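One structure below.
Chain letters run A, B, ... following the sequence lines, proteins first and then strands; every chain starts at 1. Quantities reported herein were computed from a predicted structural model and do not represent experimental measurements.
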Amino acid sequence: MNDYLDELNESQRAAVLYNDGPSLVIAGAGSGKTRVLTYKIAHLMNIGYDPWNILALTFTNKAAREMKERITRQVGERARYLWMGTFHSIFSRILRIESQALGFSSNFTIYDASDSKSLLKSIIKEKFDEAYKSLTDEEKDKYLKYYKVNLIQSRISNAKNQLIVPSVYMLDDECKRADRNDNISLLGEIYECYWERCRQDNVMDFDDLLLYTYILFRDNPEIRLKYALQFRYILVDEYQDTNCAQNAIILQLTTEYQRICVVGDDAQSIYSFRGAKIENILNFTKNFVGAKLYRLEQNYRSTQTIVGAANSLIKNNVHQIPKNIFSKNSQGDLIEIAGVYSDYLEGDFVARKIEYLHSYKKCSYEDFVVLYRANAQSRIIEETLRKNFIPYRVYGGLSFYQHKEIKDVLAYCRMAINPDDGEAFKRILNYPARGIGNVTLEKLLDASNAFGKSLWSILKEPISYGLNFNKGTTAKLQKFRELIEAIMAELNVKRVDEIGKTIIELSGIKKHLSLEKEEDKVKNVDELLKGMQDFCRNRYEEGDERVGLVDYMAEVALLTDQDMSDKEDFEKVTLMTIHSAKGLEFKKVFIVGLEEGIFPSEKCLHSETAIEEERRLFYVAITRAEECCYISYAENRSKYGTMEFSSYSRFLEEIDECYIDWPKKRRRMLDEGASRFRASQTSSSTARSPFVTRSQSLIDRYAERPAQPASAPVQQEARRFKKVSTIPSSRPSASPSVGGLQAGAVIEHERFGVGDVISVVGTGDNCKATVRFRNAGEKQLLLKFARFKVIG
DNA sequence: CCGATACGCATTTTT
DNA sequence: TGCGTATCGG
C-alpha cells in the first residue's frame, strides 16, 4: 500500500508525509510538482481523510482534470468526491449553494471579459453624459477620451482583486487620487453602477466569483465555519499566481485547522499583470506561523546546461526564496544564439533548423516549440513555416467559446436560465434579425436604467414602465418573449443537447447560418452541440441523472480553449507566448524576437520588480526545454516593432557565458544596443511607441504633401477586383491554410484560368497566395482582391 | 440592413 | 501592420 512512496525522491517524500500543519513546497521547474500533489492527496486518503474533506485548488481546468485522473489511478473511484477544481469553479459551486445570503439567486450567470466590457461601455457613456450635461460636444470629447474601456475594466478588476467594493472605493483617498491623476474621476461611480447592474441582472464576472466568496465568508461566520470545518485539508497549486482575494479566502478557510499545503515556484511568477502577488508565496512562512518549507530541487526535465543557464539568470533576482536547482541528466548542448539580419531570416532560421533536425536527427515536429513575448510576433514565423511546409499550430488565437456563433447560442442558454442576464438579452434580442431595431432596444434600455429593472422585466410588461410600442413592435417583442419562454419550459424536462437543438431551430440560428453559407460557423455550432452531448453522457456515466442546462452553463462559463480536447493534432510544431507555455515542456525550444521592443522598454525596465518579473519570464522560457534552446534576434524588423534595445538582451547577457554559444557579432550588437538604450533613457523625448514601423520616417517626410486621390486606372482596377472572399481575421488553426485555401488546392481565377496553389502566406488583409496557372505561369494573388473559386 | 471607408489603437491572459 | 468599430450612403 505504501509502494507509491518509493517512487518519490527524498524531498518529495518528506513533502508528501508532513501533514501536521501548514507547509510550503517550492517546486522548481520540472521537479515533479504534480507528482507530489497527487501522491500527497492519495496519501491523505490512505491515512484516513475522506475525499470530501479535502479541497484542492488549481488555476486551470486542465490541471485539475489531470490531477484527478492521476489520483483516480491511485485510489480509484473515491477520487470523484474530492473537492478539486479551479478557484473559480469551486467558489462558484459554493456561491450557487449559498447565493441567498448574498442576495443572488442560484441560477446566476457569469459574464466573461467581453460581456463586462460591453456593459462597461454603455455605463461609461451613461455616467459621462449624466455628469457633464452642460458641456459642449467638443468639451465632452476632450474629457471622454480618457475613459478607455480597457483601462476602466482593469481598474475595476484590480479593485475587486484587492477586495475593494464600490462603497469603499469611493471613500478611498488613494483610489480617488489615482483616478483624478488619469482624468477618470467618474470611475468610482462607474464601478458602483457596474456593481449594481450586475446584482440587478443576477450575474457575476470572474472577479466577483472570488470577491463574493470572500464577502460571503466574512459576513456570514456560520457559513464560513461550515466550510472551514468541512475542508480539513487544503491544497493549492501554483501558489505564486494567487492574488489578494484568493489568498484572503484561503486564510478564511484555514483559521481552524491550519492544515494546508501550497505548492509553487516563486521563480515562475509571471502573472502580476493579472493581479498575482508573488508576496503570497514569499511570505507564506510568515503568514502561516510554524509553516514547514520543502524544496524540490532536482530537475528531471532538462539537461545540465539548461538548468545551469536558467540558474545563472535567476540568481540576479533579489526577491526570491533561495534554492539550488540541479539536474543529473546529461550535460547537453550549449544554448545557441542566432543573430540574423531581418525578421524573415529569423523565421528562416527557425524553419531550417527544424527541418534539419526533423530530417536528419529524426526529431518529430511536436518536439519543437517557438516562444515569443507577444502574440503579434507569431505572424512572420507562421509565414516562413508555411512557406517551408512545416506543419504548426498556434495557441492563443480566438478561443472556441469566443466565436460569435457560439456566444450567440450560449446567450440563448443564459437567457433561458437567467432571463435577467442583460448582455445575453442585448445579444440575441435581434439575432437572428427579427425586426427589432436599435430604437426599440434603446427604449428598453432607458426604461431599464430608469426603473432599475432588468431588460427582461421591462419586456414582460412594457406598459407598466411607460413604454407604448406600436402594434408591430409589440407583436415582435411578444414573439421574442414566447421564444425564450419556450426554451425555459424545456429546462428541467429535456437533455442539454436537446435543448441546444431546440434553441438553434426555434431561434432560427440554424436557418440563418445555412442561408448565409457560413460553413465554418455551422461546423462550430455542431461542435458545440456535440460538446453538450458529451457533457450529458459523462455526467450520466458518473450517475448524475438530473444534470441540466444550468449545470452545463455553470461549467461552460468557466471553460477556455485550453480545455478543448486536442483532436488529431499530432506532428505539429507549437507556437505560443511564453506565458502560455508555463507548465509545458518540449525537447527543443526556440525563443525568438529577442531584440524586440514589443512593449516600450522604458515601461518594462522602469522598476526593479518589473525587471525581476521579466527575468522570471525568460527563466520560464528557457526551462521549458528538455534538450536544447535556440535564441534568436533580428537586427532589422521590416513590419512591426522598433529597434529599441530590448529588455531581453540584458537578460541574455546575465546568463553565464559557459552555457552559451555566442556568435562573434553578438557581443558588439549588445554593446551598441546597450549604449543606445542608456542614451535614450537620459533624453526622455526619444521614447517611441512600439507600434511605429521603421518606415515611419518616410511617412513623416512626406506628411506635408496633401493626400493624392488614386489615379483613375488604379481605381478601376480596384473596382474590378472587388473583394469576394473574406479571409478570417483570426489565425487559421491548421496549416498551410488561410481562410480555407490550402496549398495544393486547385482554383479557377477570373482572369488567369485554372491553377494550383503553391503556398499561402499572411493573415488578415495581407494574405497572398502563390499560384501556378496552367496557362499563365506563376502569379502572386492578393486574396483580398482576387476573384476565384476553389474547384479541387 | 448592408458594404465601403475612415480612424484609432496596440503585452502577457490559467478564469 | 491589421483589427475592430463608427460612420455614412445606398
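- With sequence neighbours excluded, no residue forms a salt bridge (charged side-chain N to carboxylate O under 4.0 Å, His left out) with A:Arg70.
- Each of A:Ile436 and A:Phe87 was assigned the nucleotide of DNA chain B with the nearest heavy atom; the assignment lying further toward the 5' end belongs to A:Ile436.
- No engagement by A:Asp207 is indicated, since no non-hydrogen atom pair under 4.0 Å with the nucleic acid exists.
- Going from atom NZ of A:Lys117 over to atom P of B:dC9 covers 14 Å, rounded to whole Å.
- With B:dT15, C:dT5, B:dT12 as the choices, the nucleotide that has an atom nearest any side-chain atom of A:Leu558 turns out to be B:dT15.
- When the C1' atom of B:dC9 is taken as reference, atom CG of A:Leu151 falls 14 Å away, rounded to whole Å.
- Neither side chain, A:Asn247 nor A:Thr242, offers a donor N or O lying under 3.5 Å from an acceptor on the other.
- Residue contacts shown for A:Asn243 are absent, as no nucleic acid heavy atom lies under 4.0 Å away.
- Using a 4.0 Å cut-off, no side-chain N or O of A:Thr577 falls inside it from OP1 or OP2 of B:dT11.
- Look at A:Asn375 and you won't find any side-chain N or O under 4.0 angstrom from OP1 or OP2 of B:dT11.
- Comparing B:dT15, B:dT13, B:dT11 by their nearest atom to the side chain of A:His88 picks out B:dT15.
- In this structure, A:His88 has its ring center at least 6.0 angstrom away from the ring center of A:Phe59.
- Minimum atom distance to the side chain of A:Arg373 is reached by B:dT11, of the listed C:dT5, B:dT11, B:dT15.
- If you find the closest nucleotide of DNA chain B to A:Ile270 and to A:Ala557, the one lying nearer the 5' end belongs to A:Ile270.
- When distances are taken from the side chain of A:Lys148 to each of B:dT12, B:dC9, B:dT15, the shortest belongs to B:dC9.
- Atom CZ of A:Phe59 is separated from atom C1' of B:dT12 by 16 Å (rounded to the nearest Å).
- Distance CG (A:Leu95) to C1' (B:dT15): 14 Å, rounded to an integer number of Å.
- Going from atom CG of A:Asp237 over to atom C1' of B:dT15 covers 15 Å, rounded to whole Å.
- Within the 4.5 Å cutoff, the side chain of A:Gln246 has no heavy atoms near those of the A:Asp241 side chain.
- Of the candidates B:dC1, B:dT15, B:dT11, the closest approach to any side-chain atom of A:Ala433 belongs to B:dC1.
- The NZ atom of A:Lys62 sits 15 Å away from the C1' atom of B:dT13 (whole-angstrom rounding).
- Checked for salt-bridge contact, A:Arg427 and A:Asp115 miss the test: no charged N lies under 4.0 Å from a carboxylate O.
- In this model, the phosphate group of B:dT14 is not approached by any side-chain N or O of A:Ser580 to a distance below 4.0 Å at OP1 or OP2.
- B:dT14 atom P lies 15 Å from atom CG of A:Asn161, rounded to whole Å.
- Within the nucleic acid shown, A:Tyr271 comes within 4.0 Å of at least one base atom, counting heavy atoms only.
- Summarising the geometry, the separation between CG on A:Leu209 and C1' on B:dT14 is reported as 14 Å, rounded to the nearest angstrom.
- For the atom pair A:Leu558 CG and A:Leu209 CG, the distance stands at 6.0 Å (nearest 0.5 Å).
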